[in-house]
Protein chains: 2
Amino acid sequence: MARGKGSDPNNSSHRLTAQDVARHAGVSIGTVSRVINNVPGVTPAVAQKVNAAIAELGWVPNVAAQNMRTSSSRMIGFIFSDIRNALYAQMTKGAEEVLAPRGYLLVTASSDGNPERELALIDLFKRRRADGMILTIEQENNVSTVAAIGNLSMPYVMLEREVSLGSTSVGADHYRGTKQAAEYLIRQGHQRIGIITGGQGTRVARDRVRGLEDAMNAAGLEIDRNLMRLESFSAEYAYRQTQELMGLANPPTALLSMGVRLLPGVLEALQIMGKSYPEDVSLICSNDSDIARIMMPKITAVRYDAMALGRVAAESLLDQVEGRTTSGTPPRIEIPTELVLRDSCRPLL
Amino acid sequence: MARGKGSDPNNSSHRLTAQDVARHAGVSIGTVSRVINNVPGVTPAVAQKVNAAIAELGWVPNVAAQNMRTSSSRMIGFIFSDIRNALYAQMTKGAEEVLAPRGYLLVTASSDGNPERELALIDLFKRRRADGMILTIEQENNVSTVAAIGNLSMPYVMLEREVSLGSTSVGADHYRGTKQAAEYLIRQGHQRIGIITGGQGTRVARDRVRGLEDAMNAAGLEIDRNLMRLESFSAEYAYRQTQELMGLANPPTALLSMGVRLLPGVLEALQIMGKSYPEDVSLICSNDSDIARIMMPKITAVRYDAMALGRVAAESLLDQVEGRTTSGTPPRIEIPTELVLRDSCRPLL
DNA sequence: TTGTAGGCGTTATCAA
DNA sequence: TTGATAACGCCTACAA
């Protein structure tokens, strides 16, 4: 079943090689190789013959053999927690868009955020002789993970993560994004701003918290640590923390939901408590999503281009892989964020 | 940058091979091979020595060489339109969950629904000597695509698609899912049921339309073809068609939104027209999603397990790859659907 | 411009 | 049980 016999005319049971093509075309194997690799200096007529033979026999070069000879797999590994997270799917699409046209195979692998699995995946891509890797690990400070990365003998790029190894890192400007969101709320008179986010031990989380703090400090407002819930990106976490925050004697008047998967949890919690936004609490989310656009009222969002993140990471990685690393390669590349104003915030003034 | 020197102690500039390990362990290269492949019959003490040498040198076998020798890549290709579609991300995760533990690498590739790109991707996986493929092509009746699939000399499984080549196909039971949804609406007194969906030329679309038709016929209701909008899965399409349908002199009293990406378009159209559900129109969507659960009122949905789809496809494919194909392999495997009742439908009686 | 032949790093067969 | 050695299919000097 589903095991065709191919379109091989002289259907011998032996797998086709360049040698067969050479024989069929009446040339040598070297010429076949030159033709398929576009090595200049082959007589057009000969190339013609070879291509005809290739087409007629239906031969495809054995990539394993090519890889072995050239010791390059033309394969890039991309490790993250879970492809079902829309963010990673978008990054994957972006990376694929730059890698595929250049002949590289992008291979993604989900770690479920498990550090041991991350180690195993890094090892996997080493065995598979990937030409490079894009890494979005769970914790930037996990010793064994960082050690494994440090031992990597291939180029890599950290995506939305940063380790102290001097490696190139690509990420969105969450600092500015969060600061801008907070400033917008503060301008509307909010003084108690809650934040729910995850990614502890990553630059993403640090940048967001710092953005909020800097905005508060600049406005001379007091920071209430109890309004910061920083332990997870899951919807369930958002659900519980929203209930806790809104149940406080002195609840926040505005809430920052920073992380794609959090918003459904926040909304569900508000619904079950009979609270509504922006009346009971002003709401800003990150990243932008269908939900933010569709909900009534529509939800103000910190938006950034996740596909660009993947694209830029891939480009930067290829620069390293192909040895184009311009002397002053920036160790950090930032993708801008944008505050999309909608109807989920209420002025308190 | 990001180019470690590895943990290789005797840091020679030459890449490690099994030969180096053999020398270091004082055995022959054949023994090294036997150890890493767990070939029975190696003296434990010798295996010990070899493993120590491997660890000390930090050697990892060259997969390209292994692939070439064994002519197996332990790689499975998965082609679909776009990884950003949540459905494909879920299928990918499901497939990865069965393939990874068994040592197979899952490689996904987005075709953007472009038949030419599908052809190129099929060719790509042939060159890369994939051990098998999971295919979710755009049109089941595209001659060149089907020809390419027919010429495949490797096992494959069609996922949510079906071609007349006798190949195994895995899919959700959209027929029953849609029929059940329609019956539920009919029981509530609806007689004019609109449907928006895409995937023309795929079994998915045929099954859905047939499900609706059978339910209508069984109830002795007349089918209005003008209420069927079957051309695309995009949100924009849903947006336009919803407006058209609801703007009809005699609009549908219920609407089936069959396709993950359609719902936001439907909702946006209703909002802009100042219509609301279930008052102005009853609504059922497929697949279930955060949006369906979070919107107020919550939206009744045809749910199915997309990860299971990926899992089952991968298992069925491995059965073929590893030659386990039980004589009576079912050519079609169906994943059940379930109607999740919520608050988006209004009885007309 | 084209042919020849060595070697890439494994696995697997055959002896020892 | 272990060692030597011939493939696997291609690329690439080097020769012709």
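Since we're looking at a predicted model, the values are computed, not measured. Letters go in sequence order (proteins before strands), and every chain restarts at 1.
Applying the side-chain contact (heavy atoms from CB on, under 4.5 Å) criterion to B:Glu162, with sequence neighbours excluded, gives B:Glu140, B:Ser169, B:Arg203, B:Arg332. Judged as a side-chain contact (heavy atoms from CB on, under 4.5 Å), and not counting sequence neighbours, the contacts of B:Asp131 are B:Ser72, B:Ser73, B:Arg74, B:Ile76, B:Tyr104, B:Val321. Applying the ring-ring contact (aromatic ring centres under 6.0 Å, His included) test to A:Phe125 and every residue at least two apart in sequence or in another chain returns nothing. Here A:Ile333 pairs with A:Val170, A:Val312, A:Ser316, A:Pro330 under the side-chain contact (heavy atoms from CB on, under 4.5 Å) rule; sequence neighbours left out. A:Gln90 meets the side-chain contact (heavy atoms from CB on, under 4.5 Å) test with A:Ala86, A:Leu87, A:Ala306, A:Met307, B:Arg84; sequence neighbours excluded. Residues passing the side chain to side chain donor-acceptor pair (under 3.5 Å) test with B:Asn114, sequence neighbours excluded: none.
The separation between B:Asp20 atom CG and C:dT10 atom C1' is 13 Å, rounded to whole Å. Computed from coordinates, the A:Ile54 CD1 to D:dC10 C1' distance equals 13 Å when rounded to whole Å. Going from atom CG of B:Asn62 over to atom P of D:dC8 covers 18 Å, rounded to whole Å. Atom C1' of nucleotide C:dT11 and atom CG of B:Asn38 are separated by 15 Å, given to the nearest angstrom. Following rounding to the nearest Å, B:Arg127 (CZ) and D:dG9 (P) show an atom-to-atom distance of 16 Å. Rounding to whole angstrom units, CD1 of residue B:Ile36 and C1' of C:dT11 are separated by 9 Å. B:Arg23 has its CZ atom 19 Å from the P atom of D:dT2, to the nearest Å. The nearest whole Å value for the distance from the CD atom in B:Gln19 to the P atom in C:dC8 is 11 Å.
Across all strands shown, A:Val32 has no heavy atoms under 4.0 Å from either base or sugar-phosphate atoms. Within 4.0 Å of B:Val42, counting heavy atoms only, lie sugar-phosphate atoms of the nucleic acid but no base atom.
Across the interface with DNA chain D, nearest-nucleotide mapping of B:Val27 and B:Met68 shows B:Val27 to be the residue nearer the 5′ end.
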Report each atom pair, protein N/O against N/O of nucleotides 12-16 of chain C, whose distance is under 3.5 angstrom.
from: C:dA12; atom 1: O4'; to: B:Arg69; atom 2: NH2; distance (Å): 3.3

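Applying the 4.0 Å criterion to OP1 and OP2 of D:dG9, one finds that A:Thr17 has every side-chain N and O outside that range. For the pair B:Gln66 and C:dG9, the criterion of a side-chain N or O lying under 4.0 Å from OP1 or OP2 is not met.
The side chain of B:Ala65 lies closest to C:dG9 when the candidates are C:dT2, C:dG9, D:dC10. Relative to the side chain of A:Thr43, the nucleotides C:dT2, D:dC10, C:dG3 differ in distance, and C:dT2 lies closest. Picking from C:dT4, D:dC10, C:dT10 the nucleotide with the shortest atom distance to the side chain of A:Ser28 gives C:dT4.
Applying the side-chain hydrogen bond (donor to acceptor under 3.5 Å, both in side chains) test to pairs two or more places apart or on separate chains, those with a residue in residues 37-49 of chain B are B:Ser33-B:Asn37.
Between A:Met158 and the choices A:Ile134, A:Ile137, A:Leu165, the side chain to side chain contact (heavy atoms under 4.5 Å, CB included) rule is met once, by A:Ile137.
Comparing the helix axis at one end of the helix from C:dT1-D:dA16 to C:dA16-D:dT1 with that at the other, each defined from 5 consecutive pairs, gives an inter-axis angle of 40° (nearest 10°).
There is a side-chain donor-acceptor pair under 3.5 Å between A:Asn142 and A:Ser144.
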Just do the salt bridge (charged side-chain N to carboxylate O under 4.0 Å, His left out) check on B:Lys93 and B:Glu97 with the steps written out, would you? CA-CA 6 Å; B:Lys93 191 62 168 44; B:Glu97 278 182 3; 3.4 Å; yes
